[in-house]
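Both ligands and their constituent atoms are indexed starting at 1 by order of listing.
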Amino acid sequence: MSTTAQIGVTGLAVMGRNLARNFARNGYTVAVHNRTASRTRDLVEEFGHEGDFVPAETAKDFVAALERPRRLVIMVKAGAPTDAVIEEFAPLLEPGDMIIDGGNAHFADTRRRERELREQDIHFVGTGISGGEEGALHGPSIMPGGSPESYDSLGPMLEKISAKAADGAPCVTHVGPDGAGHFVKMVHNGIEYADMQLIGEAYQLLRDVAGYTPAQIADIFRTWNTGRLDSYLIEITAEVLSHVDAATGKPFVDVVQDQAEQKGTGRWTVQIALDLGVPVSGIAEAVFARSLSGHQELREASRGLAGPKAAPLGESEAAAFADRVEQALYASKIVSYTQGFHEIAAGSDEYDWNIDLGKIASIWRGGCIIRAAFLDRIREAYDARADLPSLLSDDTFAQEIAAAQDDWREVLIAATRQGVPTPGFAAALAYYDALRAERLPAALTQGQRDFFGAHTYRRTDREGSFHTLWGGDRSEVTA
Ligand code: NBP
C-alpha cells in the first residue's frame with residue numbers, strides 16, 4: 001500500500017465517521033479504520049464519493065497508509081478502549097508521529113498517556129471536540145492540547161475542518177500542553193450543564209408562575225434569541241418547546257419522562273473543581289438537579305410533602321414577569337461562565353498550561369453546544385484585560401448584573417413563594433452576593449473550628465495565627 005493519507009481516523013462510529021468525512025470534504029486524503037471492519041466498508045460505500053478515503057482493515061495497513069510524520073486520530077469510546085487502541089498502534093509508530101485522541105477522555109488520563117508516549121517521542125494530542133455528530137461533520141469547536149510542535153503540524157488541518165465564528169475565525173486553538181485540551185472540553189461541558197439547567201428553570205417559572213403554555217414559552221425564547229441571550233441552546237429550546245407529539249397531540253415536553261441523564265463530564269467538572277478549591281456552585285447544582293430528577297422512587301415518596309398555596313400570576317402580570325426571568329437568566333448565565341472560567345484559570349495555574357482565556361471564549365463561538373453571541377463579550381473582556389480576576393470584575397458585566405439584580409431577586413422571591421425549584425438561579429445569586437459581601441460568616445466558622453479543634457484563626461488587625469483558650473480563661477495565645 002502506498003503512503004498517501006495525510007490523516008487517519010480509527011473508530012468509525014458516529015463521531016469518527018463524520019470527522020473522517022469532514023477531513024475528506026476539505027480535500028485531505030483520509031485513511032479510515034475500525035475494529036469491526038464492516039464499519040470501514042460501510043463508510044467508503046456510503047460516502048466514498050465525498051473525497052479520498054483509504055480504507056484499512058488491519059492496524060498495520062492503516063499505519064502504512066499514513067504519510068510521515070503520521071497523524072492518527074482515535075475516536076473510540078473513552079476509557080479502556082482508548083488505552084487498548086493506543087497499545088495496538090503505538091508499537092507501529094515512529095518518533096515524531098502524532099496520536100490525536102478526540103474522545104471525551106478525562107484530562108488526567110490524557111496527562112498519563114501523553115507522558116508515556118513522550119518516552120517513545122510520540123506526540124499525544126488530547127483533543128476536546130464539541131458539537132456532537134453534526135459538528136463533527138460540518139465543523140466542530142476543537143480544543144487540542146499536546147506539544148506546540150504537534151500543533152504546528154496539525155493546526156492548519158484542524159483550522160480547516162473546524163467551525164468558523166461569525167467573524168470567520170476558526171474555532172480551534174492550541175489550548176496548552178498535555179491534558180489542557182481535555183480539561184477545557186470538560187469545563188465546556190460543565191458550563192453546558194449549567195446553561196441547560198438555567199434555561200430549564202426559566203421555562204418552569206414561565207409555565208408554573210406566569211401560566212404560559214409550552215408554545216407561548218417557545219415564542220418567548222424566540223424573542224430572547226434575538227437579544228443578548230442569542231445562542232444555540234436558546235434556539236433549540238424554542239424548537240423543543242413548540243414541538244407537538246404526533247401520537248397524542250400534546251406538547252412534546254409533556255410526554256417525555258422528566259429524568260435527565262448524564263454521561264459524566266459535568267460530574268468531572270465538579271469533582272475537579274472540588275479538588276482545585278474552585279466554587280462552581282451553578283455547575284454543581286445543574287449536575288445535582290439531573291441526579292435528583294432520576295431518583296424516581298424518592299420523588300414518588302415525597303409527592304405528598306406540603307407546598308405553598310400561592311396562586312399563579314394573573315394574565316396582566318405575566319409579560320412583566322417574563323421580562324424579569326430574562327434578566328435573571330442572563331445574570332445567572334454570567335455567573336456560570338464566571339465560575340467555569342475560574343476553574344479553567346485554576347487548572348491552568350495548577351498544571352502550568354498558560355491557557356489564554358480570551359482564546360477559549362473565542363473558539364466556543366461556533367460549532368459547539370454552548371455557542372452564543374455572549375462569548376464575544378467574554379472574549380472582549382479578557383482581551384481588554386488578560387489577568388481579569390473574574391468575569392464579574394469586567395465593567396460591562398458588572399453593570400449588566402447591577403441592572404438585572406432587582407429583577408433577579410424578584411424572580412427568586414416569586415419562585416420561593418410558589419415553590420418552584422430554582423437551584424441554578426439561587427446558587428448564582430448566592431455566589432454573587434457572597435463575592436460582593438463586606439463580611440462573610442466564615443469568621444464565625446473559623447471561631448467554631450478554633451473552639452472544637454484548636455484550628456487557629458487569623459485576625460483582621462494584625463499578622464499571625466491565633467488560638468483562644470476556649471476551655472480555660474479564654475485568653476488569646478499566638479499559635
Ligand atoms: P462510541 O463512544 O459509541 O464508541 C464506539 C467506537 O469505539 C466504535 O468505533 C467501536 O468499535 C470503538 N471501540 C470500542 Br466501544 N471498544 C474498542 C476497543 N477496545 N478497541 C477498538 N475500538 C473500540 O462512539 P461515538 O459516539 O462516535 O464517540 C466517539 C468518541 O467521541 C467518544 O469518546 C465520545 O465520548 C466522544 N464524543 C462524542 C460526542 C457525541 O455527540 N457522540 C461528542 C463529542 C465527543 P466497534 O465498531 O468495533 O465496536
Side-chain angles (χ1 to χ4, degrees), residues 8-23 30-47 55-63 72-92 99-110 113 124-145 158 161-163 171-172 179 181-193 196 232-233 236 261-269 363-364 366-371:
V9 179
T10 183
L12 301 174
V14 289
M15 288 296 287
R17 185 175 64 161
N18 281 359
L19 203 66
R21 290 172 61 199
N22 189 350
F23 277 114
V30 190
V32 282
H33 171 269
N34 192 71
R35 177 180 63 177
T36 310
S38 58
R39 277 203 209 264
T40 315
R41 287 194 289 271
D42 290 350
L43 166 61
V44 176
E45 218 163 88
E46 267 182 77
F47 304 107
E57 298 223 346
T58 67
K60 226 170 138 206
D61 284 350
F62 180 57
V63 168
L72 189 162
V73 180
I74 304 179
M75 284 307 286
V76 302
K77 204 175 191 62
T82 307
D83 283 317
V85 172
I86 292 171
E87 262 168 49
E88 186 179 8
F89 286 97
L92 306 174
I99 296 181
I100 301 108
D101 175 19
N104 267 336
H106 192 291
F107 80 97
D109 285 337
T110 302
R113 290 166 183 149
F124 185 72
V125 186
T127 301
I129 299 182
S130 177
E133 54 182 298
E134 279 300 297
L137 182 60
H138 299 292
S141 173
I142 311 178
M143 295 151 253
L158 297 180
I161 66 149
S162 73
C171 293
V172 55
H182 275 139
F183 187 95
V184 165
K185 171 64 175 17
M186 172 189 79
V187 177
H188 163 285
N189 286 21
I191 292 174
E192 176 185 311
Y193 273 56
M196 292 170 71
Y232 172 70
L233 279 170
I236 65 163
E261 295 176 7
Q262 49 185 318
K263 281 193 178 167
T265 40
R267 189 171 62 236
W268 290 348
T269 309
I363 65 167
W364 288 348
C368 64
I369 306 298
I370 63 170
R371 61 184 181 264

inquiry  = Assess the residue pair T82 and D109 against the criterion (side-chain contact (heavy atoms from CB on, under 4.5 Å)); give the C-alpha distance rounded to whole Å, side-chain angles, the decisive distance to 0.1 Å, and a yes or no.
reply    = CA-CA 10 Å; T82 307; D109 285 337; over 6 Å; no
request  = Using a 4.0 Å heavy-atom threshold (strictly under), name the region of T10 that reaches ligand 1: side chain, backbone, both or neither.
outcome  = neither
Nearest neighbour of atom 10 (C) of ligand 1 from the list K263, E87, R35, on a heavy-atom basis = R35
message = Rounded to the nearest 0.5 Å, what separates atom CE in M143 from atom CH2 in W364?
response = 7.0 Å
inquiry  = Considering both backbone and side-chain atoms of A84, is one of its nitrogen or oxygen atoms within less than 3.5 Å of a nitrogen or oxygen in ligand 1?
reply    = no
message = Just to be sure I'm reading this right: ignoring hydrogens, which of I369, N189, N104 gets closest to atom 45 (C) of ligand 1? Compare them by their nearest heavy atoms.
response = N104
inquiry  = Under 4.0 Å, heavy-atom basis, I'd like to know which part of M15 is in contact with ligand 1: side chain, backbone, both or neither.
reply    = both
query = So is there a nitrogen or oxygen of N34 less than 3.5 Å from a nitrogen or oxygen in ligand 1?
reply = yes
query = Which option out of D101, V76, T82 puts a heavy atom nearest to atom 13 (N) of ligand 1?
reply = V76
key: Polar atom proximity, I129 to ligand 1 (N or O, under 3.5 Å)   = no
key: Reported OG-to-CD1 distance for the pair S130 and I370, which is rounded to 0.5 angstrom   = 7.5 Å
message = Looking at H182 and T127, would you say the former's side chain and the latter's main chain have a donor-acceptor pair under 3.5 Å?
response = yes
message = Return the closest protein heavy atom for atom 29 (C) of ligand 1 as residue, atom name and distance.
response = M75 O, 3.6 Å
